[in-house]
Protein chains: 2
Amino acid sequence: MAASSTGAARSRATGASGAPSKDVRGAILAEATRLFREHGVDGFSMRQIADAIGYSATTIYLHFKDKNHLMYAVCESGFAEFGASLAAAAASESDARERLRAIGRAYVDFALTHPLHYDVMFIRPKEWAIGPLTDARVGVGPEDPQRADPESFAELVQAVEAAVSARVFEGTIHQGADAREIAMRFWAAIHGVVALAISMNDQMRGFDHDAVRARGEVAIDAALGASR
Amino acid sequence: MAASSTGAARSRATGASGAPSKDVRGAILAEATRLFREHGVDGFSMRQIADAIGYSATTIYLHFKDKNHLMYAVCESGFAEFGASLAAAAASESDARERLRAIGRAYVDFALTHPLHYDVMFIRPKEWAIGPLTDARVGVGPEDPQRADPESFAELVQAVEAAVSARVFEGTIHQGADAREIAMRFWAAIHGVVALAISMNDQMRGFDHDAVRARGEVAIDAALGASR
DNA sequence: CCATCCTACTTAACAGTGTTAAGCGCGTCA
DNA sequence: TGACGCGCTTAACACTGTTAAGTAGGATGG
């Protein structure tokens with residue numbers, strides 16, 4: 001019995017395709033990603049993944065420390081895309097004000113096209129203790145284990161600093177405030193729009209894609225333009 | 001054996017105090033509330049509650065349909081307080097603009113003083129499917145099972161309508177917009193501030209009470225004052 | 001007074017969860 | 001040939017929410 005089930009796992013792991021497979025880690029990651037995309041963060045269990053790829057659940061622990069680390073690996077590409085997208089948006093505009101707008105738009109866009117990733121990253125990061133903000137990245141990212149701000153936020157702060165220098169906030173409510181604080185306000189304004197949309201779209205109407213995108217635009221304008 | 005454990009349950013249920021107890025539902029609710037307040041929404045299991053009050057876990061199901069309904073009962077007072085607090089804030093100011101400010105402040109205040117409730121209500125309502133927005137309230141609230149907007153949001157919309165009539169949004173970014181849409185923007189702006197604070201305060205600095213309160217104030221100003 | 005019934009509560013169990021410990025088969029290398 | 005070690009397994013632990021079936025004890029009706 002043990003032999004037969006082992007054999008079954010083997011044959012499925014090696015795959016019908018012949019030789020190249022045996023990339024168990026890759027298979028786990030692929031199946032986990034599929035489950036995450038399909039059923040969200042809840043339809044995601046170790047045994048489900050293991051069954052689907054023809055291995056026992058404990059095999060996963062040979063490749064990932066625990067569920068959080070697997071989850072992190074699943075989301076890593078999303079995290080990378082998030083960072084790259086914001087960086088690209090920041091680079092796309094030379095005008096300081098327009099650069100902030102572009103960053104904000106990219107942020108909304110990411111949230112709408114990857115709501116599951118956004119959920120894990122910014123809406124309930126505590127539950128997963130993963131993502132660029134946590135020590136799950138220690139070992140992957142910088143060695144310093146003290147929680148540093150995420151790179152993307154640092155980039156936002158930089159963009160705000162440029163805007164401050166360009167006197168974008170002169171005469172607005174943000175005048176005189178710390179760049180970091182202004183960035184926080186900016187972040188909060190946009191997070192509010194998308195987080196509400198993702199958290200509430202089952203419970204309430206008014207959260208369709210277009211409405212949210214428009215609302216994001218308004219939030220950016222409000223954050224940039226409010227005069228005191 | 002069965003008799004002895006039954007006896008133990010009895011004696012604890014009836015309580016050392018003598019006669020009055022046997023309010024099992026009340027005991028469950030009290031212990032559940034204690035656990036929720038202490039360990040949050042995660043340190044909250046049926047068996048934990050049951051053990052603490054000296055009953056078996058299944059007894060809970062004689063008083064609550066399932067965990068969600070129990071959770072709802074635990075949060076109900078919080079929900080009521082939320083509604084009452086916003087209503088009081090709305091009633092406290094006669095000027096339309098100041099009324100919106102007061103509502104926003106009350107909202108931030110609730111989120112900061114009851115972060116666990118806020119979490120369950122607005123940050124991850126899907127997980128719990130409870131709260132004023134869901135059908136868990138059907139049977140308690142209005143009979144109509146089609147998801148209606150929560151009362152508090154309706155009240156916000158009313159306050160916005162008054163502000164529209166008072167030309168508060170003339171010359172701002174909100175000019176010409178639907179009152180419901182403006183209310184949504186207002187909500188999103190404040191939600192962003194408090195949700196980020198609650199979700200991220202473990203991962204990042206800059207989310208202390210005072211900073212958040214100040215940021216809420218700025219968000220309200222920004223939402224009210226942005227000129228186009 | 002005794003038998004029934006009903007209420008309140010129980011235990012046992014199901015189907016799942018993440019995770020750890022121990023064991024087994026097989027290929028490699030000395 | 002024997003030892004080692006890698007890759008994977010089964011068994012198990014300690015939980016989770018939830019349901020089904022059973023039991024003790026008081027109230028009620030004949």
Side-chain angles (χ1 to χ4, degrees), chain A residues 1-15 19 21-28 31-32 35-36 39-74 126-130 136, chain B residues 1-15 19-28 31-32 35-36 39-74 127-130 136:
Chain A
M1 275 207 245
S4 86
S5 93
T6 300
R10 274 298 152 92
S11 67
R12 238 198 271 189
T14 324
S21 248
K22 109 173 172 180
D23 175 16
V24 185
R25 199 194 131 100
I28 294 168
E31 179 60 26
L35 279 173
F36 176 65
H39 303 101
V41 80
D42 296 320
F44 190 86
S45 98
M46 302 305 247
R47 282 179 177 83
Q48 252 178 88
I49 296 163
D51 287 357
I53 61 171
Y55 284 86
S56 75
T58 53
T59 297
I60 300 177
Y61 291 87
L62 303 173
H63 300 275
F64 299 91
K65 195 198 160 214
D66 56 23
K67 203 188 177 187
N68 278 349
H69 281 72
L70 173 54
M71 193 68 204
Y72 177 73
V74 166
K126 282 181 193 176
E127 247 172 299
W128 293 103
I130 62 172
Chain B
M1 276 209 239
S4 86
S5 94
T6 300
R10 274 298 149 94
S11 68
R12 236 197 274 188
T14 322
S21 248
K22 108 175 174 179
D23 176 16
V24 185
R25 201 193 129 99
I28 294 167
E31 180 59 26
L35 279 173
F36 176 66
H39 304 102
V41 80
D42 296 320
F44 190 86
S45 98
M46 301 305 245
R47 282 178 177 84
Q48 250 178 91
I49 296 163
D51 286 357
I53 61 171
Y55 284 86
S56 76
T58 53
T59 296
I60 300 176
Y61 291 87
L62 303 173
H63 299 276
F64 299 91
K65 196 198 157 215
D66 58 22
K67 202 187 175 185
N68 279 348
H69 281 73
L70 173 55
M71 193 68 205
Y72 177 71
V74 167
E127 245 171 300
W128 293 103
I130 62 169

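Chain letters run A, B, ... following the sequence lines, proteins first, then strands; residues in each count from 1. Computed from a predicted structure; not experimentally measured.
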Task: Length of the CD1-C1' vector between B:I60 and D:dT19, whole Å - done: 14 Å

Task: Test log, rule side chain to side chain contact (heavy atoms under 4.5 Å, CB included), inputs A:I53 and A:T59 - done: CA-CA 11 Å; A:I53 61 171; A:T59 297; over 6 Å; no

- [ ] Report yes if some heavy atom in the side chain of B:L62 is under 4.5 Å from a heavy atom in the side chain of B:V24; otherwise report no.
- [x] no

Task: A:Y55 vs A:I28, side chain to side chain contact (heavy atoms under 4.5 Å, CB included): CA-CA, chis, key distance, verdict - done: CA-CA 9 Å; A:Y55 284 86; A:I28 294 168; over 6 Å; no

Open item on the list: Please report the distance, rounded to the nearest Å, between CZ in B:R25 and C1' in C:dC9.
Closed with: 18 Å

TODO: Nearest whole angstrom, please: distance from the P of D:dT10 to the CG of A:D51.
DONE: 11 Å

What does the list of N/O pairs under 3.5 Å between the protein and nucleotides 16-19 of chain C look like, with a distance for each?
| unit_1 | atom_1 | unit_2 | atom_2 | d |
| --- | --- | --- | --- | --- |
| C:dT17 | OP1 | A:S45 | OG | 2.8 |
| C:dG18 | OP1 | A:F44 | O | 3.4 |
| C:dG18 | OP1 | A:M46 | N | 3.3 |
| C:dG18 | OP1 | A:K67 | NZ | 3.0 |
| C:dG18 | OP2 | A:M46 | N | 3.0 |
| C:dG18 | N7 | A:R47 | NH1 | 2.7 |
| C:dG18 | O6 | A:R47 | NH2 | 3.0 |
| C:dT19 | OP2 | A:Y61 | OH | 2.9 |
| C:dT19 | OP2 | A:K67 | N | 2.9 |
| C:dT19 | O5' | A:Y61 | OH | 3.3 |
| C:dT19 | O4 | A:R47 | NH2 | 3.2 |

Open item on the list: Please report the distance, rounded to the nearest Å, between CZ in A:F64 and P in C:dT20.
Closed with: 16 Å

Task: Backbone N/O of A:H69 and side chain of A:D66: donor-acceptor pair under 3.5 Å - done: yes

Task: Atom pair distance, as rounded to whole Å: NE2 in B:H69 and C1' in D:dG17 - done: 15 Å

Open item on the list: Let me test you: for the helix from C:dC1-D:dG30 to C:dA30-D:dT1, what is the angle between the axes at its two ends (five pairs each), rounded to 10 degrees?
Closed with: 40°

- [ ] Please report the closest heavy-atom contact between A:F44 and A:V74, naming both atoms and the distance.
- [x] CZ-CG2, 4.2 Å

- [ ] Compare every heavy atom of B:I60 with every heavy atom of B:M46, then report the nearest pair and how far apart it is.
- [x] O-CD1, 3.3 Å

Task: Separation of atom CG in B:L70 from atom P in D:dT18, rounded to whole Å - done: 10 Å

Task: Atom pair distance, as rounded to whole Å: CG in A:L62 and C1' in C:dG23 - done: 14 Å

Open item on the list: Tell me every residue that passes side-chain contact (heavy atoms from CB on, under 4.5 Å) with B:S45, counting only those two or more places apart in sequence or in another chain.
Closed with: B:R47, B:Q48

TODO: Would you kindly give the CE-to-C1' distance between B:M71 and D:dT18, to the nearest whole Å?
DONE: 18 Å

Open item on the list: Run the side chain to side chain contact (heavy atoms under 4.5 Å, CB included) test on B:M71 and B:F64 for me, step by step, so that the C-alpha distance in whole Å, both residues' side-chain angles and the decisive distance to 0.1 Å come before the verdict.
Closed with: CA-CA 9 Å; B:M71 193 68 205; B:F64 299 91; over 6 Å; no

Task: Contact summary for A:L70 and A:A32, nearest pair of heavy atoms - done: CD1-CB, 4.1 Å

